[in-house]
Amino acid sequence: MTDREIVRQDMEGLYLGNLGTVEFDLELPENGIHGSKISWHSDNLNLMDHSGHIFRPSYGRGNREVTLTACFRYGEYEDERSYTVTILEENNRIEVADIYPVRQVAVKGETVCLPCACAVKTKDGRVIAHFVDWDRGLVHCWEQPGCYKVHGRLKDTAIPVNGCVEVWDEKDGDIAAVPVKKIKCCADDTSLLPGNDFYDAQERMHSYLLHTDEDQWLYNFRCAAGLSTREASPMTGWDSPEGLLRGHSTGHYLSALALCYHATGDEEILNKAVYMTDALWECQEAFGKKEGYHKGFLSAYSEEQFDLLEKYTPYPKIWAPYYTLHKILAGLIDLYNLAGIQKAAEIAEGIGDWVYGRLVALAHEQRVRMWSIYIAGEYGGMNESMAELYRITGKKEFLEAARCFDNDRLFYPLEQGLDALDGMHANQHIPQIIGAVKMYEMTGEKRYYTIASLFWKIVTQSHMYAIGGTGESEMFHEAGNISGLLTKSTSESCATYNMLKLTGELYQYRPDAVYMDYYERAVYNHILSSCDHQPTSGSTYFLSMRPRAVKSFDLTENSCCHGTGLESHFKYVENIFAIDKEAVFINLFIPSVLSLPENKLEVTVKTVEENPGRIFVQIKAEGRQIFKIRRPYWAEGKPEILVNGERYETQLQEGYLVFDEMWGGSTEIEINWPCSLRYEEAPDRKNYFTVFFGPYILAALTEQEERVVLHAGKAEEDFEREASRPLAFRSRETGCLFIPLEKVWKEEYQVYMKKA
C-alpha cells in the first residue's frame with residue numbers, strides 16, 4: 001500500500017466509541033492498525049486535554065462540545081480528521097441538610113408565579129439556590145382566599161420541596177407611594193482637576209477615543225444589515241466577525257463616547273457619537289427592510305441567536321444574545337441621557353418595541369428556562385434598560401418587558417433575607433440587581449429595593465476582597481471565603497464597575513456614608529488600578545491577588561472588562577458631590593470642582609498626594625448653606641480643622657462633618673485627618689492581611705513565588721517612608737518596597753501578606 005492508502009485505511013478503521021455522551025477519559029491511540037502515527041489536538045483544554053483526559057462541566061453549566069482533531073502520518077503523507085465530542089455535565093450530587101421554607105402571597109383571581117428556585121442548605125454548610133420542578137408548573141391561580149399547599153422536587157433529584165401560597169382577598173403594603181431619591185449626584189456639574197492619577201486615567205482614555213475609527217466599530221453591524229463596511233478593518237477578539245458576542249464592545253463604545261463628552265465637553269467626541277448614531281439608524285432601517293426580520297431589530301448579527309435561545313440552545317452554540325443587546329441598548333440610552341442625542345432614544349425605542357413583542361409572546365415558564373441556561377441565557381441589565389426606556393417614553397409595554405427579566409433564582413432567596421450567591425456568576429447577576437433598583441424607582445414595589453439593598457450588604461460584607469472587588473474566576477463562592485481564593489482570577493473588573501453603579505443608585509435613596517466608604521475603596525484600589533498607564537484602552541480582566549501577580553491589560557481581545565474599562569475612567573466625576581434640599585455633600589476627595597452657577601455656588605476639593613488625610617475645600621457661596629464632608633473610613637481620631645486659617649470645631653453627624661454657616665465670598669477649609677499605615681485582616685483567616693495607607697492599598701513589589709511573610713506588629717513602626725516615589729514605603733523587616741496598587745504597572749506584586 002502507498003503511504004496515502006495506509007493513512008486512509010487507518011483513518012477509516014479508527015473507532016473511538018460513543019462520542020455523544022462522554023463521561024470518562026477517552027483512550028486515544030498513538031498508532032493506527034496499519035502503522036501510521038497519530039497525534040491529537042483538543043480545541044478546548046478546559047474540557048479535554050490532548051491526551052483525552054476530560055474535565056466535566058459543573059452541574060448546571062450544561063453539556064459541552066469539544067472538537068478533537070487527529071493527525072495521521074505515515075511516511076511522506078499526512079491527513080486530519082476531526083471528531084465532535086459531547087462532554088456531559090457532572091451529575092447533581094447535592095446533599096441537602098435543609099430546604100428553606102417556600103412561601104408566596106397571592107390575590108384571589110390573579111395569577112401567581114411560584115419561584116423557579118429555592119434556597120438550600122447543604123450538608124457541608126453552604127447555602128445555594130437550586131432550581132425546583134413544581135408538580136403543577138410555575139403559574140397558578142386560586143379563586144378563593146386560603147392557604148394552598150404546593151409540591152415539587154429539586155431539579156434532577158427526587159428530593160421533595162413543599163411550599164405554601166397564601167391567597168388573600170387583596171394585597172397591600174408592598175407599594176411605596178412615590179419612590180423618592182433623597183439625594184442627587186452632581187456629576188453633571190463636576191469636573192476633574194489636572195495633576196492627579198484620576199485625571200490622568202481619564203485623559204488617557206479620552207486620547208484613545210479621539211483616535212478610534214468609528215467605521216471599525218460599525219463593521220459587524222453594517223455586515224449584518226447588508227450595508228457597505230466602507231473598507232474598515234474588522235473588529236477583533238470577542239467582536240471578531242466570527243464571534244458570537246460581536247457587537248457588545250460597540251455598545252460599550254457608545255457609552256464611553258457619551259460619558260467622555262459628559263465629563264470633558266469635547267465637541268470632537270460628540271461628533272463621533274452623532275456619526276455612530278446616524279450609522280446605527282441606517283443599520284436599523286436596513287434590518288427592517290430585510291425579509292425575515294422584525295421592525296426595530298438592531299444587532300451585529302441576525303435574529304438567529306434569539307430564535308435558538310427560545311429553543312433552549314446551549315452555549316457555546318449561542319453566546320448570550322440578550323447580554324449583547326443590552327450593551328447596545330444601554331449605549332444608545334447613554335447617548336440620549338448624557339449627550340442629548342434624540343435619535344439615539346428613537347433607535348432605543350425601536351429596540352424596546354422589538355424586545356417587548358418578542359418576550360410577551362413567550363410563556364412565563366419558557367422565559368424562566370431561557371434565563372437559566374448557562375451563559376446563553378445571560379441578559380446583562382436588560383431589566384434596567386427596559387425600565388429606563390419606560391421612564392423616557394412612558395410606554396407601559398417597556399415596564400412589562402422589564403418584568404420579563406425577573407430572576408427568581410437570584411431574587412427569591414434575597415426576599416427571604418438569605419445569602420445564596422454561592423455558585424452564581426458574579427457579573428451576570430449584579431446588573432440584574434441594578435435593574436431591581438430601577439424597577440423600584442419606576443413601580444414603587446418595595447421588594448425590589450429590599451432585594452437590592454440586601455444584595456449590596458451581602459456582597460460588601462461577605463464576598464469582597466480588600467480592593468473592593470468580588471468574585472473568583474467570575475463566580476461568587478461561599479460567604480466569607482477570601483483568603484482561600486487568592487488566585488490570578490480574582491476581582492473581575494466588570495463586577496466592580498457594576499457594584500459601583502449599584503452603590504451610587506442605593507446611596508440616592510439612603511445617603512449613608514457607608515456606601516461612599518465602599519465606593520472610595522473600590523474606585524481608588526480597583527478601578528483606578530485596572531487601566532494601562534499608556535493611552536491604549538487596555539484594562540485588566542481580573543486583578544490578581546496571587547503572589548508574583550502581574551497586571552494583564554486587554555488591548556485586542558475586546559472582552560467584557562475591556563468594554564466597561566472604556567467607560568469607567570470617565571465616571572470619576574460621579575458621586576464626588578451630591579446635594580439634597582438642605583446640604584451639599586462632599587463624599588470623595590478626588591481633586592475636582594463643583595460648579596452650580598444658578599445657586600451661586602462653587603466648591604473645589606484638593607488633596608496632598610503624600611498625605612491623603614490633608615484635604616482642602618474652597619467654598620464660594622453666598623448666604624446660609626450646609627456642607628457635609630464625609631469622614632473617611634480610614635481616618636483615625638479627630639481631625640484638625642482650619643477655616644480661613646483659624647481653628648474650627650464642628651459636629652460629626654452620621655459619618656459627616658457638618659458645616660452650617662452664613663457664607664460670603666471665598667472660604668478655605670483645611671481638614672487634617674490623622675492618616676497612618678494600617679493592617680486589614682482577611683475576614684476568614686487572621687494570619688492573612690493587607691497593608692493600607694489612607695484610602696490606598698499597598699502592593700509589595702516582589703518577584704518571589706511565596707507569599708511575603710511579615711511579623712505585622714504596628715504598621716507605622718514596621719515601615720519607613722521611601723522618598724524615591726510618591727506614597728512608597730519600605731518594609732524594615734524584608735526591605736521590600738510597597739506602593740499603591742494603582743501605581744503598579746508592569747511590576748510583579750503581591751497584595752495579601754501572611755503573618756509570621
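Along the sequence shown, residues are numbered consecutively beginning with 1.
- The aromatic rings of F306 and Y301 sit tilted, their planes meeting at an angle between 30° and 60°.
- Atom CD of E582 sits in a sparse spot, with 12 or fewer heavy atoms from other residues, nucleotides or ligands closer than 6.0 Å.
- Geometric assessment of K295 against the ring of F297 yields a negative cation-pi assignment under the 6.0 Å and 45° thresholds.
- Ring geometry for Y293 versus F287: interplanar angle of 30 to 60°, hence tilted.
- Using bins of under 30°, 30° to 60° and over 60° for the plane-to-plane angle, the ring pair Y253/W217 lands in the parallel bin.
- A salt bridge does not link K501 with E567: none of the charged nitrogens is closer than 4.0 Å to a carboxylate oxygen.
- Contact of the L192 side chain with the I590 side chain is registered, since non-hydrogen atoms from C-beta on lie closer than 4.5 Å.
- Side-chain N or O atoms of D239 include none that pairs as donor or acceptor with a backbone N or O of M235 at under 3.5 Å.
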Using the rule given for ring pair (Phe, Tyr, Trp, His ring centres under 6.0 Å), can you reason through H211 versus Y208, listing the C-alpha separation, both sets of side-chain angles and the distance that settles it, and then say yes or no? CA-CA 5 Å; H211 293 88; Y208 166 77; 8.7 Å; no

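- Shown are Y323, F405, F411; of these, the ring-ring contact (aromatic ring centres under 6.0 Å, His included) with W371 is made only by F405.
- The closest donor-acceptor contact from the side chain of T313 to the backbone of L309 lies at 3.5 Å or more, if one exists at all.
- Between A495 and T470, the closest heavy-atom pair is CB-CG2, 3.9 Å.
- Other residues, nucleotides and ligands place no more than 12 heavy atoms under 6.0 Å from the NZ atom of K317.
- Every residue was checked against the side chain to side chain donor-acceptor pair (under 3.5 Å) condition with R367, not counting sequence neighbours, and none meets it.
- The main-chain N or O of P695 is found under 3.5 Å from a side-chain atom of N525 such that the two form a donor-acceptor pair.
- Taken to the nearest 0.5 Å, the CG atom of L543 stands 11.0 Å off from the OG atom of S552.
- Summarising the geometry, atom CZ belonging to R521 is positioned 12.0 Å from atom OG1 belonging to T496; distances are rounded to the nearest 0.5 Å.
- At a threshold of 4.0 Å, the pair K184-D580 does not count as salt-bridged, since none of the basic side-chain nitrogens sits closer than that to a carboxylate oxygen.
- The closest side-chain heavy-atom distance from L594 to E602 is not below 4.5 Å.
- Residues V605 and F616 are not in side-chain contact: their nearest non-hydrogen atoms beyond the backbone lie 4.5 Å or more apart.
- Side-chain atoms of T190 and Y572, non-hydrogen and from C-beta on, never get closer than 4.5 Å to each other.
- Of the possible polar contacts, one joining the N558 side chain to the T236 backbone as a donor-acceptor pair under 3.5 Å is found.
- For C560 against E492, the heavy-atom pair with the smallest separation is SG-OE2, 3.4 Å.
- Judged by distance alone, the side chains of H252 and T564 never bring a donor and an acceptor atom under 3.5 Å apart.
- Using a 4.0 Å cut-off between a side-chain N of Lys or Arg and a carboxylate O of Asp or Glu, E282 and R222 do not qualify as a salt bridge.
- Looking only at side-chain heavy atoms (C-beta outward), T460 and W456 come within less than 4.5 Å of each other.
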Chi angles and distances behind the ring pair (Phe, Tyr, Trp, His ring centres under 6.0 Å) call for Y524, Y696: CA-CA 7 Å; Y524 276 68; Y696 296 101; 5.4 Å; yes

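- Summarising the geometry, atom SG belonging to C260 is positioned 4.0 Å from atom CD1 belonging to I269; distances are rounded to the nearest 0.5 Å.
- One distance of note links NE2 of H326 with NE2 of H248; it measures 13.5 Å at 0.5 Å rounding.
- Between the side chains of N575 and Y515, no donor-acceptor pair of N or O atoms lies under 3.5 Å.
- Between H294 and E303, the side chains place a donor N or O and an acceptor N or O closer than 3.5 Å (distance only, hydrogens not considered).
- Contact check for S491 versus I467: side-chain heavy atoms found under the 4.5 Å cut-off.
- The shortest non-hydrogen separation linking G468 to Y518 is O-OH, 3.0 Å.
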Carefully, step by step, assess W238 and S249 under the rule side chain to side chain donor-acceptor pair (under 3.5 Å). CA-CA 8 Å; W238 292 14; S249 289; over 6 Å; no

Distance-only criterion, 3.5 Å: show the donor-acceptor pairs between side-chain atoms of residues 198-205 and protein atoms not counting sequence neighbours.
unit_1: E203; atom_1: OE1; unit_2: H206; atom_2: ND1; d: 3.1
unit_1: R204; atom_1: NE; unit_2: D532; atom_2: O; d: 3.0

Which pairs of donor and acceptor atoms, one on a side chain in residues 428-439, lie under 3.5 Å apart (sequence neighbours left out)?
unit_1: H429; atom_1: ND1; unit_2: H425; atom_2: O; d: 2.7
unit_1: Q432; atom_1: OE1; unit_2: Y379; atom_2: OH; d: 3.4
unit_1: Q432; atom_1: OE1; unit_2: N407; atom_2: ND2; d: 2.9
unit_1: Q432; atom_1: NE2; unit_2: Q428; atom_2: O; d: 3.2
unit_1: K438; atom_1: NZ; unit_2: E388; atom_2: OE1; d: 2.9
unit_1: K438; atom_1: NZ; unit_2: E441; atom_2: OE1; d: 3.2

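- Between Y440 and Y449, the ring planes lie tilted relative to each other; the angle falls in the 30° to 60° range.
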Quick one, T540 with S493, criterion side chain to side chain donor-acceptor pair (under 3.5 Å). Give me CA distance, side-chain angles, the key distance, then yes/no. CA-CA 7 Å; T540 60; S493 294; 3.1 Å; yes

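- A salt bridge between E346 and K343 is absent, with no side-chain N of the basic residue lying under 4.0 Å from a carboxylate O of the acidic one.
- Of all non-hydrogen atoms in S530 and I527, the two that sit nearest each other are OG-O, 2.6 Å.
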For Y541 and D554: C-alpha separation, side-chain torsions, deciding distance, then whether side chain to side chain donor-acceptor pair (under 3.5 Å) applies. CA-CA 7 Å; Y541 197 122; D554 174 5; over 6 Å; no

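- Within 6.0 Å of NZ on K743 lie more than 12 heavy atoms contributed by other residues, nucleotides or ligands.
- Shown here for R630 and N587, the closest heavy-atom pair between the two residues is NE-O, 2.6 Å.
- The closest side-chain donor-acceptor pair between Y448 and N383, if any, does not fall under 3.5 angstrom.
- The side-chain heavy atoms of W319 and E378, taken from C-beta on, include no pair separated by under 4.5 Å.
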Yes or no on side chain to side chain donor-acceptor pair (under 3.5 Å) for N427 and Y497, after CA distance, side-chain angles and deciding distance? CA-CA 9 Å; N427 195 54; Y497 163 94; over 6 Å; no

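- A salt bridge between D307 and R358 is present, with a side-chain N of the basic residue lying under 4.0 Å from a carboxylate O of the acidic one.
- In this structure, the separation between NZ on K272 and CG on L210 is 7.0 Å, given to the nearest 0.5 Å.
- Counting non-hydrogen atoms of other residues, nucleotides and ligands closer than 6.0 Å to CD of Q366 gives a total above 12.
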I'd like to know whether E574 forms a salt bridge (Lys or Arg N to Asp or Glu O under 4.0 Å) with K571, so could you lay out the CA-CA distance, the side-chain angles of the two residues, the decisive distance to 0.1 Å, and finally the verdict. CA-CA 5 Å; E574 296 179 5; K571 294 170 73 71; 3.2 Å; yes

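- Summarising the geometry, atom CZ belonging to F570 is positioned 8.5 Å from atom CG belonging to L257; distances are rounded to the nearest 0.5 Å.
- Summarising the geometry of Q305 relative to A320, their closest heavy-atom pair is OE1-N, 4.4 Å, with the distance given to 0.1 Å.
- L601 places a side-chain heavy atom less than 4.5 Å from the side chain of V584.
- Heavy atoms from other residues, nucleotides or ligands lying under 6.0 Å from NZ of K290 number more than 12.
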